Amino acid sequence: MSLKLYNSMTRSKEEFKPARKGEVGVYVCGPTVYGHAHLGHAKSYVSFDVLVRYLCYLGYSVTYVQNITDVGHLTDDADQGEDKLAVAAKKEKKHPMAVAEYYTRSYFEDMDRLNCVRPDISPRASGHITEQIELVKTLLEKGYAYEANGSVYFEVSKFADYGKLSGRNVEEMLAGARVEVSPEKRAPVDFALWKKAEPNHIMQWPSPWGPGYPGWHLECSVMSMKYLGQPIDIHGGGIENKFPHHECEIAQSEAANGVQFVRYWVHNNMVTVDGQKMGKSLNNFITLKQAFSGAHERLTKSYDPLAVRQLILNSHYRSPLDFSDPALFAAQSGYEKITETVKAVRKQMHAAGEGEADKAIAEELQQLKEKFEAAMNDDLNTSVALSVIFELVRLAQKLLEDNAATAETLDAVDDLFSRLGGDCLGIVKDEYPQDGGVDDEMMDRLVDVLIEQRSAARSRKDFAAADAVRDKLEGIGIVLEDKPDGTQWRRK
RNA sequence: GGCGGCGUGGCCAAGUGGUCUAAGGCGACGGUUUGCAAAACCGUUAUUCGGCGGUUCGAAUCCGCCCGCCGCCUCCA
């Protein structure tokens, strides 16, 4: 069985086959770095991270490109708005590139915490002005674009396939067009490839048409061509970018190159918060930093980044996802259950006796692996894949309870946790802080001293004193658990 | 107005013609265990899939109508 992906272009699930055997090029629309990343970014980039991880798991050699937009993305209509970076720069009294640098770092920081694998290449739009100018020149030469007053526009009527991705009809769009926003354009649907910059515009570059800056859609065409060639295997992005952004990318790229731009279009759905579109005016706009720290009035506590990740994986990437405090809370509980189980398996693995791995268990593990792969192959059904991880949790807990599994058996369980839950889903870590390290060793000793004190109190039936120790430790995030073979502790 | 999507147990969510009296998680309840807990384990928690019709031997899954919700169409991941 092989991977099937839903291709937005054909509106159907298709068997995935890369253009070059064994190699896959993935391009995903990255963030415009004018603010901290929010929950919407998390859903999008976690979804594509899982796609990339799974392609790697299947043995493909993947080149993952995700741009950083630091110029050209306007706040409003493509013809009249201001550049988002310029607006933020004015507000923060910084140079636009300083703003871009600051939020780019913030973005990577958040994505690292969500355990998203870093893209192989994170090209900046501002670093590819030369290439963008070249593409505009090509489009002018081929007659798909025209210059007007220092700006260059793409003439949509020249590209017959315009609208094929988003299912839009150019004639209807023209008929239903609102007031024409720019007299320079021949048709309202035409879009800017290059915009003339007024003298006081901070970000501008020289061009054959005078000083200016690139249109937003241009960067993705140029950078995906440059780093992945044509056609690219997979282009991902948010569903809201189907139109106009991706439609424009297709038009520019295919008009210029005369070959198919993208083989598989993958779009992920959007998030809502408490059932409504996330927006600054609704007071439900939650950044990842706020979610991780709990510093938002819609949240009752801080959430582990990987619990956020797990909530995202709990639903399908093409379904909308509603973030709410109860949903996050549930995800955190489930995440902790998985984490505690993995830790317990690893701990017992070191204590368990040697011996061949249990054949019946090995068979069960194999079945779980197959079920997991079948789910992932079906257009990345992470919801079912995650349910397999929970089946593995149950299997593992039973083994631990019986306390008879050999180290080899437990190792096989841990291996599956690592490969499926770790490599593919990114919710199981290779190592947990408590697993080792000098500080933790000291911590172990300190807590053991307290446990000894408490045990002494318990054996003389002084439960008040015993409970006091337990309660105080819990107050600082250490939970004591009395097991048949003694008291154990863990971090909350 | 145009385009698209959704409505499954208390909550989240998979399933899209028969194996579904519907996976999994969270929560709740009962039990085992415990000095009491915690954790873990076992069990219970939708004869039903927004409503009404229809197609079919058979529908949560297909069709029609209705109700409700959401997104895109201007920037957004």
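Sequence lines set the chain letters: A, B, ... in the order given, protein chains first and strands last, and positions in each chain run from 1. Predicted, not measured: the structure shown is a model, and the values here were computed from it.
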> Taking atom types as modelled and ignoring hydrogens, do the side chains of Ser324(A) and Asp274(A) form a donor-acceptor contact shorter than 3.5 angstrom?
Replying inline: no

> Are a donor atom and an acceptor atom from the side chains of Ser166(A) and Glu247(A) found within less than 3.5 Å of each other?
Replying inline: yes

What is the distance, rounded to the nearest whole Å, between atom [atom1] of [X] and atom [atom2] of [N]?
| X | N | atom1 | atom2 | value |
| --- | --- | --- | --- | --- |
| Ile312(A) | A77(B) | CD1 | P | 15 Å |
| Arg490(A) | A37(B) | CZ | C1' | 12 Å |
| Glu481(A) | C41(B) | CD | C1' | 14 Å |
| His316(A) | A13(B) | NE2 | C1' | 13 Å |
| Asn241(A) | U74(B) | CG | C1' | 13 Å |
| Phe191(A) | C75(B) | CZ | C1' | 16 Å |
| Glu240(A) | C72(B) | CD | P | 8 Å |
| Leu400(A) | C41(B) | CG | P | 9 Å |

> Of Glu401(A) and Ala327(A), whose nearest nucleotide on RNA chain B comes first from the 5' end?
Replying inline: Ala327(A)

> Do any pairs count as a ring-ring contact (aromatic ring centres under 6.0 Å, His included) and have a residue in residues 102-123 of chain A, sequence neighbours left out, and if so which ones?
Replying inline: His36(A)-Tyr102(A), His36(A)-Tyr103(A), Tyr45(A)-Tyr107(A)

>> Which residues pass the salt bridge (charged side-chain N to carboxylate O under 4.0 Å, His left out) test with Arg118(A), not counting sequence neighbours?
In response: Asp112(A)

Counting side-chain heavy atoms from CB outward, which of [options] is closest to [X]?
| X | options | value |
| --- | --- | --- |
| Ser315(A) | A13(B), A39(B), G35(B) | A13(B) |
| Ser387(A) | G24(B), G4(B), A77(B) | G24(B) |
| Gln397(A) | A23(B), C72(B), A40(B) | A40(B) |

>> Should the side chain of Arg454(A) and the base of G35(B) be counted as holding a donor-acceptor pair, with the cut-off at 3.5 Å?
In response: yes

> Is there a donor on the side chain of Asp322(A) or the base of C11(B) sitting less than 3.5 Å from an acceptor on the other?
Replying inline: no

I'd like the [atom1] distance from [M] over to [N], given in whole Å.
| N | M | atom1 | result |
| --- | --- | --- | --- |
| U45(B) | C26(B) | C1' | 13 Å |
| C36(B) | G31(B) | P | 13 Å |
| G27(B) | G18(B) | P | 33 Å |
| U8(B) | U47(B) | P | 15 Å |
| C49(B) | G10(B) | P | 13 Å |
| U33(B) | G24(B) | P | 27 Å |
| G2(B) | U55(B) | C1' | 31 Å |
| G1(B) | C11(B) | P | 32 Å |

Sugar-phosphate only, base, or nothing, as touched by [X] at under 4.0 Å among non-hydrogen atoms:
| X | result |
| --- | --- |
| Arg318(A) | nothing |
| Gly40(A) | base |
| Leu480(A) | base |
| Thr341(A) | nothing |
| Val271(A) | base |
| His245(A) | nothing |

Closer than 4.0 Å, any side-chain N/O of [X] to the OP1 or OP2 of [N]?
| X | N | answer |
| --- | --- | --- |
| Lys398(A) | C42(B) | yes |
| Trp216(A) | C76(B) | yes |
| Thr69(A) | C76(B) | no |
| Thr32(A) | A77(B) | yes |
| Asn381(A) | G15(B) | yes |
| Lys483(A) | U34(B) | no |

Checking the side chain of [X] only, and the main-chain atoms of [Y] only, is there a donor and an acceptor separated by less than 3.5 Å?
| X | Y | result |
| --- | --- | --- |
| Asp120(A) | Val65(A) | no |
| Asp471(A) | Ala468(A) | no |
| Asp379(A) | Leu5(A) | no |

>> Walk me through whether Phe191(A) and His217(A) qualify under ring pair (Phe, Tyr, Trp, His ring centres under 6.0 Å).
In response: CA-CA 9 Å; Phe191(A) 58 91; His217(A) 312 304; 5.5 Å; yes

Give a yes or no on whether a salt bridge exists between [X] and [Y], defined as a side-chain N under 4.0 angstrom from a carboxylate O.
| X | Y | result |
| --- | --- | --- |
| Lys289(A) | Asp110(A) | yes |
| Glu474(A) | Arg470(A) | no |
| Arg454(A) | Glu452(A) | no |
| Glu391(A) | Lys371(A) | yes |

>> For RNA chain B, which residues of residues 462-476 of chain A approach it to below 4.0 angstrom with any heavy atom?
In response: Phe463(A), Asp467(A), Arg470(A)

> Do the numbers put Arg458(A) on top of the ring of Phe463(A), so that NZ or CZ is under 6.0 Å from the six-membered ring centre and no more than 45° off the axis?
Replying inline: no

>> Before we go on, tell me: are the rings of His128(A) and Tyr227(A) under 6.0 Å apart, centre to centre?
In response: yes

>> Can you give me the dot-bracket string for RNA chain B, 5' to 3', counting Watson-Crick and G-U wobble pairs with both distances under 3.5 Å, using [ ] for crossing pairs and | for partners on another strand?
In response: ((((((((.[[[..)..(.....]]]((((((.......))))))....[[[[[..)....]]]]])))))))....

> In the 5'-to-3' direction, what one-character label does each nucleotide of nucleotides 25-33 of chain B receive under the scheme B = base within less than 4.0 Å of a protein heavy atom, S = sugar-phosphate only, - = no such atom?
Replying inline: SSS------

N/O donor-acceptor pairs under 3.5 Å from side chains in residues 393-403 of chain A, not counting sequence neighbours:
residue, atom, partner, partner atom, Å
Gln397(A), NE2, Thr341(A), OG1, 2.8
Asn403(A), OD1, Gln348(A), NE2, 2.9

